[in-house]
Amino acid sequence: MFFNFLEDEFTKYISAYGEIFRWSLLFILSLAFVFLLLPFKKIWGSVADLSGGKNIIFRTFNFFIFYLLLALVLFALVCGAFFYLKKEKTEAPNYSELELAKWSEITWQIDLKIDEDKFINESLSITINAPALVIEGKRYLVCDFEKLGLNWKEITKGGVYNLSCTASQRKLNLSFKVQKLLVTGENLNIVLIELPILETESLKLLTASQKVNLNSIRLFSAKNSYRNADLDLSVNGKSIRLNKGGEAGDSLITKNGFYLGLLERDEKSLIAKYLEAEILNEAKQEIPLLKKENEVYYVDFMCRVSDIKKSLK
């Protein structure tokens with residue numbers, strides 16, 4: 001137990017002062033390299049000549065000062081090269097980690113308003129955030145069926161007389177009226193809204209050959225959008241389990257711009273299955289958000305929502 005304690009303490013110390021250890025080690029290596037590279041006798045003779053008739057202690061002191069200065073020069077050159085290469089790598093357009101400015105462009109706001117009067121006048125007003133996503137060349141907003149308010153029990157009673165759904169992008173000052181929803185997924189819980197705008201910042205889907213680093217996964221909250229914080233995650237095949245935090249209907253994404261999937265409630269926690277491009281080819285249903293001329297109620301909308309809710313039971 002004593003050795004385990006020492007190992008834990010040493011690990012904590014390294015974690016806390018890792019940068020100091022790395023730079024100190026680099027300086028020691030620079031010093032050792034200078035000692036190995038330059039001939040000892042020749043340098044000692046040159047220092048002795050420069051020191052004149054001084055005693056051995058003074059000569060030794062000058063000798064080590066000379067080597068130390070050379071080591072410092074080498075150390076400075078290595079550090080300069082390191083920071084230069086790091087700067088070049090950061091400035092390269094490799095889509096390594098999205099800037100906060102791009103996250104604000106990826107985030108869209110969806111507003112859904114419903115008025116119903118089957119028995120008494122009731123209203124629903126929902127506002128959620130959704131990320132933009134590229135699927136097979138088209139851009140969509142992806143959100144959850146329940147988060148969008150489509151499970152509201154008053155919808156299927158037959159009295160929806162007012163319906164409005166808009167998607168807006170505040171930073172780019174863009175907004176459009178949504179005319180239909182595409183519902184898909186194994187549990188028909190994924191709602192896609194096609195964007196009429198082609199050129200806008202969007203997330204990408206992972207390909208089969210790409211692997212996910214758990215440390216790069218972040219939460220996209222339907223309520224608070226992008227959350228830059230580490231998550232307690234575990235991987236199980238083509239799904240990721242979120243052990244703490246988040247809500248059903250939130251999304252898992254990566255810092256470098258990939259969309260993973262929507263979180264669903266499991267027996268013990270939340271789980272997200274990888275969203276794949278084939279999602280567009282699976283069984284899906286369209287929910288129209290417009291009504292026909294001379295109709296008082298949004299009949300097609302109510303019927304389609306009712307059908308989907310029945311299939312979920």
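All figures in this text were calculated on a predicted structure; none of them were measured in a lab.
- There is a side-chain donor-acceptor pair under 3.5 Å between Y259 and S251.
- At distances below 3.5 Å, at least one donor-acceptor pair connects side-chain atoms of R139 with backbone N or O atoms of T200.
- K244 contributes no side-chain N or O that, together with a main-chain N or O of L231, makes up a donor-acceptor pair within less than 3.5 Å.
- Within a 6.0 Å sphere centred on CD of E122, other residues, nucleotides and ligands contribute more than 12 heavy atoms.
- Here R304 pairs with nothing under the side-chain hydrogen bond (donor to acceptor under 3.5 Å, both in side chains) rule; sequence neighbours left out.
- Residues that satisfy the side chain to side chain contact (heavy atoms under 4.5 Å, CB included) test with R170, not counting sequence neighbours, are Q109.
- Atoms CG and CG, on L233 and L219 in that order, are 9.5 Å from each other to the nearest 0.5 Å.
- Every side-chain hydrogen bond (donor to acceptor under 3.5 Å, both in side chains) that S269 has, sequence neighbours left out, goes to R241.
- Contact of the Y161 side chain with the K118 side chain is not registered, since no non-hydrogen atoms from C-beta on lie closer than 4.5 Å.
- Hydrophobic clustering, with ILVMFWY side chains joined whenever heavy atoms are under 4.5 angstrom apart, keeps F220 apart from I271.
- Residues I193 and F176 come closest through the heavy atom pair CG2-CZ, 4.1 Å.
- Contact between L148 and C143 at its shortest, heavy atoms only, is CD2-SG, 4.1 Å.
- Residues meeting the side chain to side chain contact (heavy atoms under 4.5 Å, CB included) test with I114, sequence neighbours left out: L112, L124, W152, I155, V160, L163, F301.
- Note that CG of L133 and CG of L192 are 7.5 Å apart. Values are rounded to the nearest 0.5 Å.
- E136 is linked by a side-chain hydrogen bond (donor to acceptor under 3.5 Å, both in side chains) to nothing, counting only residues two or more places apart in sequence or in another chain.
- Under the 4.5 Å side-chain heavy-atom criterion for Ile, Leu, Val, Met, Phe, Trp and Tyr, V235 and F258 are members of the same hydrophobic cluster.
- Listed for the Q169 side chain is a donor-acceptor partner under 3.5 Å among the backbone atoms of T107.
- Note that CG of L181 is 4.5 Å distant from CG of L289, once rounded to the nearest 0.5 Å.
- Two residues are said to be in side-chain contact when any heavy atoms from C-beta on lie closer than 4.5 Å; S306 and M302 fail this criterion.
- When all heavy atoms of S202 and I106 are compared, the closest pair comes out as N-CG1, 4.1 Å.
- One distance of note links CG of L252 with CG of L214; it measures 10.0 Å at 0.5 Å rounding.
- In this view, N173 satisfies the side chain to side chain contact (heavy atoms under 4.5 Å, CB included) rule with no residue, not counting sequence neighbours.
- The shortest side-chain heavy-atom distance between I190 and L275 falls under the 4.5 Å cut-off.
- Every residue two or more places apart in sequence or in another chain that forms a side-chain hydrogen bond (donor to acceptor under 3.5 Å, both in side chains) with D115 is listed here: S123, N162.
- In terms of the salt bridge (charged side-chain N to carboxylate O under 4.0 Å, His left out) criterion, residue partners of K180 (sequence neighbours excluded) are, by chain and number, E286.
- Looking at residues two or more places apart in sequence or on another chain, you find no salt bridge (charged side-chain N to carboxylate O under 4.0 Å, His left out) involving D111.
- Sequence neighbours left out, the pairs with a member in residues 142-169 that pass salt bridge (Lys or Arg N to Asp or Glu O under 4.0 Å) are K147-E247, E154-K157.
- For S221, the side chain to side chain contact (heavy atoms under 4.5 Å, CB included) test picks out K223, N224, R227, D250, with sequence neighbours left out.
- The side-chain hydrogen bond (donor to acceptor under 3.5 Å, both in side chains) analysis of residues 290-301, with sequence neighbours excluded, yields the pairs D117-Y297.
- With rounding to the nearest 0.5 angstrom, the CD1 atom of I135 is 14.0 Å from the NZ atom of K204.
- Closest of all the heavy-atom pairs between A132 and L141 is CA-CD2, 3.9 Å.
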Practice task
Evaluate the side chain to side chain contact (heavy atoms under 4.5 Å, CB included) criterion for residues Y226 and N129: first the C-alpha distance (whole Å), next the side-chain angles of each, then the deciding distance (0.1 Å), finally the verdict.
Solution key: CA-CA 9 Å; Y226 177 67; N129 292 299; over 6 Å; no
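- We find the CD1-SG distance between I287 and C165 to be 10.5 Å, quoted to the nearest 0.5 Å.
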Problem - W108 vs L174, side chain to side chain contact (heavy atoms under 4.5 Å, CB included): CA-CA, chis, key distance, verdict - result: CA-CA 9 Å; W108 287 68; L174 298 173; 4.2 Å; yes
Handout entry: Intermediate values then yes/no, side chain to side chain contact (heavy atoms under 4.5 Å, CB included), R218 and T254
Key = CA-CA 5 Å; R218 293 292 182 266; T254 69; over 6 Å; no
Exercise for the section: Could you walk me through whether L260 and I217 pass side chain to side chain contact (heavy atoms under 4.5 Å, CB included), step by step? Expected result: CA-CA 9 Å; L260 302 181; I217 298 178; 3.7 Å; yes
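- Minimum interatomic distance between V183 and L188 (heavy atoms only, all atoms of both residues): CG1-O, 3.4 Å.
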